[in-house]
There are 2 protein chains.
Amino acid sequence: MPEIISQSYTRADEAFDCLQTAIVKGDLSPGEKIGEVELCARFNLTRGPLREALGRLESRGLLVRRPHAGVKVVSVSTEELMELYRIREVMEGLAARQAAERMTDTEIADLYATLDSHETMIEQAQGQAYYQAEGDYDFHHRIATGSRNTKLAQMLLGDLYYMVRMYRYRLSTASGRPHMALGEHRRIVEAIAQRDGELAEFLMKRHINAARQNIERKIQQGGLTI
Amino acid sequence: MPEIISQSYTRADEAFDCLQTAIVKGDLSPGEKIGEVELCARFNLTRGPLREALGRLESRGLLVRRPHAGVKVVSVSTEELMELYRIREVMEGLAARQAAERMTDTEIADLYATLDSHETMIEQAQGQAYYQAEGDYDFHHRIATGSRNTKLAQMLLGDLYYMVRMYRYRLSTASGRPHMALGEHRRIVEAIAQRDGELAEFLMKRHINAARQNIERKIQQGGLTI
DNA sequence: AGTCCATGGATTGTTGACAATAAGGTTGTG
DNA sequence: CACAACCTTATTGTCAACAATCCATGGACT
């Protein structure tokens with residue numbers, strides 16, 4: 001258990017993180033009804049903090065809760081995953097535009113650096129889907145925070161990305177097109193470096209749209225069901 | 001106190017609703033540090049459900065909470081309000097596009113009907129800002145749900161609208177351009193009725209952008225501060 | 001035999017007391 | 001007189017017991 005150093009980290013926060021990662025990683029199956037006491041035993045918690053965490057998770061839409069009837073992980077459909085990507089398309093487009101207008105030069109330099117490191121990571125660990133996914137996450141994370149739009153970053157980082165990662169784990173497919181995605185990333189960063197907000201928005205929207213189509217195709221082909 | 005009939009309504013839900021409306025209406029001043037026991041006394045609650053509600057509110061960004069240091073309503077700036085409108089612009093644009101593709105004919109008919117009722121309401125109660133705001137809210141609400149995009153509707157109705165309403169209460173200005181906004185609404189509905197998603201998205205984005213500029217102008221002119 | 005109702009059990013929601021932590025005042029010293 | 005360290009106090013975080021609610025199993029009736 002990684003003892004966090006920074007500041008007092010309440011049990012409720014701990015419960016929240018544990019549950020969130022458990023849901024995202026698929027340790028808690030969707031639709032499965034789970035009792036509170038069972039969860040307490042599993043994560044060494046008491047019901048007080050656990051309930052507080054459950055409230056937060058419910059508010060974020062990761063689980064549903066009927067009064068007196070227990071809590072279950074949200075069950076998901078491919079349609080909803082597609083809808084999620086449609087939301088990402090417009091929101092991250094906005095993020096890219098604002099990032100082009102507001103990111104500092106050092107932030108852009110860092111962005112280039114992470115891009116290079118992702119490239120070497122992909123070359124080294126060929127086909128290791130995990131690193132691809134992490135690199136992709138890192139890239140989008142930086143742009144979201146670079147937009148200087150507090151609420152936008154909060155919605156992307158706090159809600160949507162966890163949802164997307166949950167679906168990814170369940171599909172066990174990490175977009176699967178490493179080099180192409182990397183090239184798209186590079187072009188987006190170039191647009192940001194040139195302070196061309198409109199272009200950055202356009203490229204980001206196209207990038208996410210391509211990712212969505214890729215997943216949709218894979219699902220239709222392989223009959224991948226969630 | 002409106003006794004909800006439908007299903008068992010827990011104390012935590014009650015606390016959540018009470019606090020949310022109190023924050024939105026400005027009964028709880030931003031930045032003001034409020035103790036839990038004081039809140040309990042104010043809303044006739046105990047600390048358990050209250051804490052659960054506080055967790056949910058924090059997760060939604062309506063208040064901030066430092067461990068062992070209490071909870072305070074989120075303090076807001078005009079810049080953040082503008083950012084909120086930028087987010088609304090892209091998200092509601094998407095909602096309008098999807099609504100044009102997916103709304104049923106009866107839903108569209110209802111939309112027309114509400115538009116007419118809003119018109120008569122505005123004519124009758126001239127300058128009554130309240131009705132304008134409610135009509136505006138109703139319109140956007142219907143389009144969000146009409147998009148058939150669960151997560152999108154959830155984010156708009158559950159997060160953004162409460163935020164916007166909070167700012168509106170504090171500014172005590174309800175956009176202030178009734179007839180113009182109504183005309184814009186009507187054109188959006190016409191685009192939806194013609195199943196022209198692209199046009200509906202464009203018009204909605206322009207509508208929200210105009211509202212943003214209107215508020216920005218008012219703030220600069222009148223020196224309205226939040 | 002199928003369906004409806006009732007009762008028991010288990011689970012959730014709630015409560016009040018206890019412990020841990022940070023803020024604020026007080027006191028002592030430079 | 002100002003600053004810093006200590007201590008007090010009030011507030012938050014946590015816990016375990018109590019009460020309310022729902023689900024399931026069993027029985028009776030149609």
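Since the model is a prediction, treat every value here as computed from it, not as a measurement. In what follows, every chain begins at residue 1, and chains take the letters A, B, ... in the order their sequences are listed.
Electrostatic pairing of B:R165 and B:D136 does not count as a salt bridge here, judged by no charged N lying under 4.0 Å from a carboxylate O. In summary, B:E36 and B:R51 engage in a salt bridge, as defined by a charged side-chain N under 4.0 Å from a carboxylate O. Salt bridge status for A:R56 with A:D13: present, with a side-chain N to carboxylate O gap under 4.0 Å.
Taking atom CZ of A:R66 as the reference point, atom C1' of C:dT12 lies 13 Å away to the nearest angstrom. Remark: P of C:dA22 and NZ of B:K33 are 14 Å apart, rounded to the nearest angstrom. Protein atom CD1 of B:I34 is 13 Å distant from nucleotide atom P of D:dT11, rounded to whole Å. The interatomic distance linking A:R56 (CZ) with D:dG13 (C1') rounds to 12 Å, in whole Å. The NZ atom of A:K72 sits 16 Å away from the C1' atom of C:dT12 (whole-angstrom rounding). B:E36 places its CD atom 12 Å from the C1' atom of D:dT14, with the value rounded to the nearest Å. Rounded to whole angstrom, the span from the CZ atom of A:R51 across to the C1' atom of D:dC15 amounts to 14 Å. With rounding to whole Å, B:L63 atom CG is found 13 Å from D:dT12 atom P.
Heavy-atom nearest nucleotides on DNA chain D were determined for B:G35 and for A:T46, and the one closer to the 5' end corresponds to B:G35. Comparing A:A69 and A:R11 by the nucleotide of DNA chain D whose heavy atom lies nearest to each, the residue mapping closer to the 5' end is A:R11.
Of the options A:M163, A:E79, A:R212, A:E89, a side-chain contact (heavy atoms from CB on, under 4.5 Å) to A:L84 is made by A:M163 and by none of the others.
Closest contact between the side chain of A:H68 and the listed nucleotides D:dT12, C:dT14, D:dT21 involves D:dT21. Considering only the side chain of A:P49, D:dC15 comes nearest among C:dG13, D:dG13, D:dC15.
Within the 4.0 angstrom heavy-atom criterion, no nucleotide atom of any strand lies near A:L54. In this structure, B:L45 reaches neither bases nor backbone, as no heavy-atom distance under 4.0 Å exists between it and the strands shown.
Note: B:H185 and B:F139 have parallel aromatic rings, judged against thresholds of 30 and 60 degrees for the angle between ring planes.
At a cut-off of 3.5 angstrom, the base of D:dG13 holds at least one donor-acceptor pair with the side chain of B:R47.
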